[in-house]
Amino acid sequence: MSNVVDRLISSLNAHDLDAVMRCYRADAVMVGPVVEAGSPEEIGSYFLHVWQGFPDFGLAVWEKVTCGEIVLAELLVSGRQTGPYLMVGGEMLAPTGRGVSLRCCCFWNVEGDLIVSQRLYYDQLEIYAQLGLRLPSDSEAPG
(Lines give C-alpha, C1' and ligand atoms only; values in the text may rest on other atoms or scores of the structure.)
Protein backbone atom coordinates (compact mmCIF):
# COMPACT_ATOMS: atom_id res chain seq x y z
CA MET A 1 0.00 0.00 0.00
CA SER A 2 2.55 2.59 1.00
CA ASN A 3 4.82 1.74 -1.96
CA VAL A 4 2.70 3.88 -4.27
CA VAL A 5 2.91 6.79 -1.82
CA ASP A 6 6.70 6.38 -1.70
CA ARG A 7 6.75 6.44 -5.52
CA LEU A 8 4.50 9.51 -5.55
CA ILE A 9 6.68 11.46 -3.11
CA SER A 10 9.83 10.52 -5.02
CA SER A 11 8.19 11.54 -8.32
CA LEU A 12 6.97 14.84 -6.85
CA ASN A 13 10.47 15.62 -5.61
CA ALA A 14 11.87 14.80 -9.07
CA HIS A 15 9.16 16.96 -10.72
CA ASP A 16 8.41 13.98 -12.97
CA LEU A 17 4.78 14.45 -14.02
CA ASP A 18 4.57 11.18 -15.97
CA ALA A 19 5.73 9.21 -12.93
CA VAL A 20 3.35 11.17 -10.67
CA MET A 21 0.41 10.36 -12.91
CA ARG A 22 1.24 6.62 -12.91
CA CYS A 23 0.53 6.67 -9.15
CA TYR A 24 -3.15 7.61 -9.55
CA ARG A 25 -6.11 5.53 -10.64
CA ALA A 26 -8.05 6.82 -13.69
CA ASP A 27 -10.89 8.09 -11.47
CA ALA A 28 -8.66 9.55 -8.71
CA VAL A 29 -9.57 12.77 -6.91
CA MET A 30 -7.63 15.21 -4.72
CA VAL A 31 -8.83 17.88 -2.28
CA GLY A 32 -6.82 20.54 -0.49
CA PRO A 33 -6.96 24.23 0.48
CA VAL A 34 -6.42 25.47 -3.10
CA VAL A 35 -7.39 22.39 -5.12
CA GLU A 36 -10.45 20.29 -5.81
CA ALA A 37 -9.26 17.99 -8.57
CA GLY A 38 -11.85 15.57 -9.92
CA SER A 39 -9.54 13.72 -12.30
CA PRO A 40 -5.89 12.78 -12.71
CA GLU A 41 -5.55 15.50 -15.37
CA GLU A 42 -6.63 18.13 -12.86
CA ILE A 43 -4.28 16.64 -10.26
CA GLY A 44 -1.43 16.86 -12.76
CA SER A 45 -2.33 20.46 -13.59
CA TYR A 46 -2.21 21.32 -9.87
CA PHE A 47 1.29 19.87 -9.45
CA LEU A 48 2.53 21.66 -12.58
CA HIS A 49 1.23 24.90 -11.07
CA VAL A 50 3.00 24.22 -7.74
CA TRP A 51 6.27 23.46 -9.55
CA GLN A 52 5.92 26.66 -11.59
CA GLY A 53 5.51 28.74 -8.42
CA PHE A 54 8.14 26.81 -6.46
CA PRO A 55 10.71 25.40 -8.94
CA ASP A 56 12.74 23.90 -6.09
CA PHE A 57 9.65 22.36 -4.42
CA GLY A 58 10.47 19.38 -2.24
CA LEU A 59 8.84 17.08 0.29
CA ALA A 60 10.44 15.45 3.32
CA VAL A 61 8.54 12.72 5.13
CA TRP A 62 8.55 12.98 8.91
CA GLU A 63 6.19 10.12 9.65
CA LYS A 64 4.17 7.70 7.56
CA VAL A 65 1.53 5.25 8.79
CA THR A 66 -0.42 2.64 6.84
CA CYS A 67 -3.73 1.26 8.09
CA GLY A 68 -5.50 -1.01 5.65
CA GLU A 69 -6.12 0.97 2.47
CA ILE A 70 -5.25 4.32 4.06
CA VAL A 71 -1.79 5.87 4.11
CA LEU A 72 -1.18 8.95 6.26
CA ALA A 73 1.97 11.06 6.15
CA GLU A 74 3.22 14.07 8.01
CA LEU A 75 5.42 16.04 5.63
CA LEU A 76 7.58 19.13 5.41
CA VAL A 77 7.11 21.04 2.16
CA SER A 78 9.82 23.49 1.20
CA GLY A 79 10.69 25.74 -1.71
CA ARG A 80 11.30 29.28 -2.85
CA GLN A 81 8.43 31.09 -4.58
CA THR A 82 10.05 32.41 -7.75
CA GLY A 83 7.03 31.94 -10.02
CA PRO A 84 3.31 32.80 -9.89
CA TYR A 85 1.28 30.94 -7.26
CA LEU A 86 -2.50 30.59 -6.89
CA MET A 87 -3.57 31.50 -3.38
CA VAL A 88 -6.70 30.50 -1.49
CA GLY A 89 -9.55 32.61 -2.85
CA GLY A 90 -8.23 32.60 -6.41
CA GLU A 91 -5.66 35.41 -6.18
CA MET A 92 -2.54 34.87 -8.30
CA LEU A 93 0.51 35.86 -6.26
CA ALA A 94 3.44 37.33 -8.19
CA PRO A 95 6.87 35.84 -7.37
CA THR A 96 8.11 36.96 -3.94
CA GLY A 97 11.49 35.21 -3.91
CA ARG A 98 10.67 34.05 -0.38
CA GLY A 99 11.26 30.56 0.89
CA VAL A 100 8.66 28.50 2.68
CA SER A 101 8.95 25.57 5.04
CA LEU A 102 5.47 24.28 5.67
CA ARG A 103 4.21 21.37 7.75
CA CYS A 104 1.41 19.43 6.10
CA CYS A 105 -0.51 16.20 6.39
CA CYS A 106 -1.78 13.96 3.57
CA PHE A 107 -4.28 11.12 3.59
CA TRP A 108 -4.28 8.74 0.65
CA ASN A 109 -6.84 6.03 -0.06
CA VAL A 110 -5.10 3.28 -2.00
CA GLU A 111 -6.58 0.32 -3.88
CA GLY A 112 -4.21 -2.23 -5.32
CA ASP A 113 -1.14 -0.17 -6.02
CA LEU A 114 -2.86 3.04 -7.13
CA ILE A 115 -4.10 6.14 -5.33
CA VAL A 116 -7.89 6.57 -5.41
CA SER A 117 -8.08 9.78 -3.40
CA GLN A 118 -5.80 12.25 -1.68
CA ARG A 119 -6.63 14.82 0.98
CA LEU A 120 -4.09 17.50 1.78
CA TYR A 121 -4.11 19.69 4.91
CA TYR A 122 -1.84 22.59 5.88
CA ASP A 123 -1.98 25.85 7.81
CA GLN A 124 -2.89 28.46 5.21
CA LEU A 125 -1.92 31.32 7.53
CA GLU A 126 1.56 29.82 7.87
CA ILE A 127 2.18 29.96 4.12
CA TYR A 128 0.76 33.51 3.93
CA ALA A 129 3.13 34.68 6.68
CA GLN A 130 6.17 33.00 5.13
CA LEU A 131 5.40 34.60 1.76
CA GLY A 132 5.29 38.02 3.46
CA LEU A 133 1.54 38.46 3.17
CA ARG A 134 -0.99 39.41 5.76
CA LEU A 135 -4.70 38.85 5.98
CA PRO A 136 -6.82 42.02 5.88
CA SER A 137 -8.11 43.28 9.20
CA ASP A 138 -11.84 43.81 9.71
CA SER A 139 -11.44 47.50 8.89
CA GLU A 140 -9.67 46.66 5.59
CA ALA A 141 -12.03 43.91 4.48
CA PRO A 142 -14.45 44.76 1.69
CA GLY A 143 -17.79 45.78 3.18
Side-chain angles (χ1 to χ4, degrees), residues 1-138 140-141:
M1 290 288 163
S2 68
N3 287 342
V4 69
V5 171
D6 293 340
R7 285 195 334 263
L8 175 65
I9 291 169
S10 177
S11 300
L12 288 169
N13 283 335
H15 298 206
D16 183 342
L17 186 61
D18 290 334
V20 166
M21 300 317 303
R22 287 192 298 271
C23 295
Y24 291 94
R25 205 166 75 173
D27 60 346
V29 297
M30 182 170 112
V31 177
V34 296
V35 62
E36 285 190 29
S39 70
E41 294 77 23
E42 291 176 0
I43 294 169
S45 178
Y46 169 74
F47 288 127
L48 286 174
H49 171 73
V50 170
W51 295 333
Q52 179 184 17
F54 296 87
D56 61 345
F57 168 90
L59 294 169
V61 178
W62 284 351
E63 187 75 34
K64 187 175 68 166
V65 176
T66 301
C67 181
E69 295 181 337
I70 297 173
V71 179
L72 164 66
E74 184 180 16
L75 306 159
L76 180 68
V77 178
S78 61
R80 185 163 302 282
Q81 196 244 337
T82 58
Y85 182 67
L86 184 65
M87 299 298 291
V88 173
E91 176 188 353
M92 188 63 73
L93 178 64
T96 65
R98 291 178 155 236
V100 298
S101 181
L102 184 68
R103 297 165 295 168
C104 75
C105 186
C106 278
F107 287 83
W108 293 274
N109 290 79
V110 177
E111 289 184 10
D113 199 26
L114 293 174
I115 296 168
V116 176
S117 69
Q118 177 177 342
R119 295 178 313 279
L120 167 66
Y121 302 94
Y122 61 86
D123 183 343
Q124 298 164 42
L125 186 55
E126 187 175 5
I127 195 168
Y128 263 76
Q130 290 184 31
L131 290 174
L133 305 174
R134 63 184 185 87
L135 298 176
S137 69
D138 287 343
E140 297 171 317

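Residue numbers count from 1 along this sequence.
Other residues, nucleotides and ligands contribute only 12 or fewer heavy atoms inside 6.0 Å of the CZ atom of Arg103. Residue Glu36 places its CD atom among 12 or fewer non-hydrogen atoms of other residues, nucleotides or ligands, all under 6.0 Å distant.
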- Task: Could you give me the CA-CA distance, side-chain angles and deciding distance for Cys105 and Leu75, then say whether side chain to side chain contact (heavy atoms under 4.5 Å, CB included) is met?
- Result: CA-CA 6 Å; Cys105 186; Leu75 306 159; over 6 Å; no

- Query: Run the side chain to side chain contact (heavy atoms under 4.5 Å, CB included) check on Val34 and His49 step by step: do they pass?
  - Reply: CA-CA 11 Å; Val34 296; His49 171 73; over 6 Å; no

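Scanning both residues, Ile43 and Met30, for their nearest heavy atoms gives CG1-CB, 3.8 Å. In this structure, Phe57 and His15 approach most closely via the heavy-atom pair O-NE2, 3.0 Å. Scanning both residues, Trp51 and Leu12, for their nearest heavy atoms gives NE1-O, 3.5 Å. Contact between Pro95 and Pro84 at its shortest, heavy atoms only, is CG-N, 4.1 Å. The minimum heavy-atom distance between Cys104 and Tyr122, with the atom names listed, is CB-CB, 3.7 Å.
Proximity of Leu72 to Cys67: side-chain heavy atoms (C-beta onward) are nowhere separated by under 4.5 Å. Between Asp113 and Asn3, some side-chain heavy-atom pair lies under the 4.5 Å cut-off. With contacts defined as side-chain heavy-atom distances shorter than 4.5 Å, the pair Val65/Val71 does not qualify.
Applying the side chain to side chain donor-acceptor pair (under 3.5 Å) test to Glu41 and every residue at least two apart in sequence or in another chain returns Ser39. Residues forming a side-chain contact (heavy atoms from CB on, under 4.5 Å) with Ala19 (at least two apart in sequence, or on another chain): Ser11, Asp16, Arg22.
Taking CD from Glu111 and CZ from Arg25, the interatomic distance works out to 4.5 Å, rounded to the nearest 0.5 Å. Atoms CG and CG, on Leu93 and Leu86 in that order, are 9.5 Å from each other to the nearest 0.5 Å. If you take CZ on Arg119 and SG on Cys106, they are separated by 10.0 Å, rounding to the nearest 0.5 Å. Atom CG in Asn109 sits 13.0 Å away from atom CG in Leu114 (nearest 0.5 Å). A distance of 6.0 Å separates CD1 in Ile9 from CG in Leu59, rounded to the nearest 0.5 Å. Between the CG atom in Leu48 and the OH atom in Tyr46 there is a gap of 12.0 Å [rounded to 0.5 Å].
Each side-chain hydrogen bond (donor to acceptor under 3.5 Å, both in side chains) pair with one or both residues in residues 72-95, not counting sequence neighbours, appears once here: Gln81-Thr96.
Each of Leu8, Leu120, Val4 was checked for a side-chain contact (heavy atoms from CB on, under 4.5 Å) with Trp108, and the lone residue meeting it is Leu8.
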